[in-house]
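Each remark here refers to the structure printed beneath this line.
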Amino acid sequence: MSGPVQLVWFKRDLRVDDHAPLAAAAEHGPVLPVYVVEPELWRQPDAALRHQQFIAEALVDLDRSLRRIGQGLVVRVGNVIDVFEALHREFDVTVIRAHEETGNGWSFDRDRKVRAWAAERGIELHETPQFGVTRGLTERAGWAGRWEAFMGAKRTAPPERLPRVLDIPEVTPERIVAFFAEAPAFDRTPCPQRQTGGLVAGQETLDDFLDRRGEAYRGGISSPLSAAAACSRLSAHIAYGTLSMRCIVQQARARRVTAREQGEKRWAASLNQFDQRLHWHCHFIQKLEQRPAIEFENVHRGFDGMREDDFDVERFAAWKAGRTGYPLIDACMRWVTATGWLNFRMRALLMSFAGYHLWLHWREPALHLARMFTDYEPGIHFNQCQMQNGTTGINTLRIYNPVKQARDQDPEGAFVRRWVPELARIPAEAIFEPWTLGERDRAALGAAAYPLPIVDHVEAARDARARITEYRRRDGFRVEADRIQHQLGSRRSGLKPQRRKRRSGADRRQRNLF
């Protein structure tokens, strides 16, 4: 079929359910759904093979869903404008529909170029919000109400039928792997225990959480021993849009109503806490939407120069390899490398250790973890990394003690023994401080190859606190912090921004999003 068509451009919204651009396109004529594998995107320093693999599985499911209603997914490799130009010449494209994306800096620039190209060609480009994130926002007052209105609205049903525009082969696992082979990812570290992507896997994960695992959410999400099951594990599916946020919010709230009606107090409390975390997902993405430079520069520019010229590459290498000499730090790094996932408290611990104890500027550690997290979401990720490095200027300074956290979250050392097998035979009383054993004892217990601590964590924490405090006391710091709070901080009814900031700092620093 040739003639005028609309393109639906899939990016991080790989589903047909509650997909407003797809539904709108179906009401206005022939539709060609398109996904573009962009080599330049995958050359960016936050891109990883594990992201591609999750997306590839989602694209196979997406193609199947689209074929059931008439038109399969068109997958192309190349610069998105070149791809759209070719499709425009072939099909006389009149409209492009897509969801708004708050991605990394590269995708931000890419989207601006697509808008300019479409305007030059006289092609309508319609971008629709996907989350409770408001484009062009300058004032946060009223944001929470708009979020509630968006999440409470009726979900958009998939089109019943799409007329076939183009006969194309199915998107099989083999074909999609071949497409991504033309766009090698910046990082290709294997991830043998990665979560499975796709619409089917996403719904199964949500159902399992709401039917079985979610009861343990409250109280179970901090320790690495329980978090893998107690957390929702929906973060990657939200990040790549195999499930819509609205779908998750509405299903979780329906289950919470049932729990309350049936007197399931623990379920109700857990789902209430989960609901709060879903709010914070969009809250953090909104910050990056309003201020894209957060990906690259300190939120509070008063910290500029504090760490940038003092970056120790050997410490960074040890941190990335899980060989800092601190068992819980190393176990967490090895865990995320192998699985692509880490619970929030342990993410915070890794970034806190990198920023305070190793005195590493947040940017490179943040990029490494972006590559390790299958569920990497730029808006959440860079904000959280800065929060845990003390560079926002509006959050309470929190320096985690890596030994105390290990004792609190892994009392018997089971998690450490699993992921740091060199320490498997170390007795419980020394498992988190193996350096307290003599060299001969460590060798006898099979731990001779495990490194000694890279720094003295007590001294390093004291020095970091002193350095940051000195910057926070400089002239003009408080004025800039108040400006940041007004621009990017959340709002609570009846509280002035300054008062809310002091009251909520402890809450914000420990928010577990999923």
Side-chain angles (χ1 to χ4, degrees), residues 12-19 50-51 53-62 64-65 131 151 155 158 191-281 335-336 338-347 373-377 380 415 418 512-514:
R12 295 169 68 100
D13 52 353
L14 306 179
R15 63 182 185 274
V16 296
D17 182 57
D18 200 27
H19 196 290
R50 61 193 64 194
H51 305 151
Q53 291 171 331
F54 190 93
I55 291 169
E57 292 160 350
L59 291 173
V60 171
D61 276 5
L62 176 60
R64 289 172 182 163
S65 297
F131 299 133
M151 295 303 166
R155 301 201 299 268
C191 190
Q193 300 177 47
R194 174 185 55 80
Q195 277 185 268
T196 301
L199 288 75
V200 174
Q203 189 61 53
E204 288 177 348
T205 301
L206 176 58
D207 292 344
D208 187 46
F209 177 68
L210 296 180
D211 292 344
R212 184 178 63 87
R213 295 183 293 107
E215 185 177 18
Y217 188 87
R218 188 169 186 265
I221 59 178
S222 292
S223 170
L225 296 170
S226 56
C231 290
S232 76
R233 304 307 303 272
L234 293 167
S235 51
H237 294 287
I238 295 172
Y240 296 105
T242 50
L243 292 176
S244 81
M245 173 69 79
R246 180 157 43 201
C247 170
I248 293 170
V249 170
Q250 293 183 5
Q251 289 193 40
R253 288 180 173 180
R255 177 67 181 90
R256 184 176 61 183
V257 169
T258 300
R260 288 171 173 170
E261 291 174 347
Q262 296 180 353
E264 298 172 327
K265 293 183 179 180
R266 188 181 180 198
W267 263 108
S270 287
L271 291 173
N272 188 60
Q273 190 175 55
F274 177 63
D275 188 273
Q276 294 172 10
R277 302 313 192 262
L278 294 175
H279 283 78
W280 285 88
H281 164 276
W335 185 25
V336 72
T339 68
W341 186 84
L342 199 62
N343 63 312
F344 177 79
R345 183 181 285 268
M346 297 302 103
R347 297 183 191 211
F373 293 156
T374 305
D375 59 7
Y376 166 54
E377 176 66 72
I380 297 172
F415 175 76
R418 177 181 178 186
N512 186 329
L513 299 180
F514 302 109

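Predicted model only: the values in this text are computed from it and were never measured.
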(request) Output the distance between atom CG (Leu199) and atom NE2 (His237), rounded to the nearest 0.5 Å. (result) 9.5 Å

(request) Using the ring pair (Phe, Tyr, Trp, His ring centres under 6.0 Å) rule, pick out the option among Trp335, Phe54, Tyr376 that qualifies with Trp341. (result) Trp335

(request) Rounded to the nearest 0.5 Å, what's the gap from OH on Tyr217 to CG on Asp275? Could you check? (result) 10.0 Å

(request) Give a yes or no on whether the backbone of Arg155 and the side-chain of Asp18 come within a donor-acceptor separation of less than 3.5 Å. (result) no

(request) Measure across Gly220 and Ser226 and return the closest heavy-atom pair with its distance rounded to 0.1 Å. (result) O-OG, 2.7 Å

(request) Spell out, as yes or no, whether a donor-acceptor pair under 3.5 Å connects the side chain of Ser270 to the backbone of Arg218. (result) yes

(request) Quickly, which of Arg233, Gln203, Arg213 forms a side chain to side chain donor-acceptor pair (under 3.5 Å) with Asp208? Name it, please. (result) Arg213

(request) Please report the shortest heavy-atom distance between Thr374 and Cys191, naming the atom on each side. (result) OG1-SG, 4.5 Å

(message) Show the nearest heavy-atom pair for residues Gly197 and Glu57, with the distance to one decimal.
(response) N-OE1, 2.6 Å

(message) Ignoring hydrogens, what is the shortest heavy-atom contact between Ala227 and Ile221? Give both atom names and the distance.
(response) CB-O, 3.6 Å

(message) Strictly distance-based, threshold 3.5 Å: is any side-chain N or O of Thr258 a donor or acceptor partner for the main-chain N or O of Ala254?
(response) yes

(request) Drop me the distance from Ile380's CD1 to Phe373's CZ, to the nearest 0.5 angstrom. (result) 11.0 Å

(request) Starting at CD1 of Ile248, measure out to CG of Leu234 and round the result to the nearest 0.5 Å. (result) 4.5 Å

(message) Restricting to non-hydrogen atoms, name the atom on Asn343 and the atom on Ser222 that form the minimum distance, rounded to 0.1 Å.
(response) ND2-O, 2.7 Å

(message) Applying the side-chain contact (heavy atoms from CB on, under 4.5 Å) criterion to Arg15, which one of Ser244, Pro158, Ser65 satisfies it?
(response) Ser244

(request) Check side chain to side chain donor-acceptor pair (under 3.5 Å) between Arg266 and all other residues, then give those that pass, not counting sequence neighbours. (result) none

(request) Give me the one residue out of Arg347, Arg12, Arg50 that meets salt bridge (charged side-chain N to carboxylate O under 4.0 Å, His left out) with Asp375. (result) Arg347

(request) Check step by step if side-chain contact (heavy atoms from CB on, under 4.5 Å) holds for Leu62 and Val16. (result) CA-CA 7 Å; Leu62 176 60; Val16 296; 3.9 Å; yes

(message) Nearest 0.5 Å, please: how far is CG in Leu271 from CZ in Arg253?
(response) 11.5 Å

(request) Return the set of residues passing salt bridge (charged side-chain N to carboxylate O under 4.0 Å, His left out) with Arg255 (not counting sequence neighbours), or none when no residue passes. (result) Glu264

(request) Give, for atom CG of Asp13 and atom CZ of Phe131, the distance between the pair rounded to the nearest 0.5 Å. (result) 9.0 Å

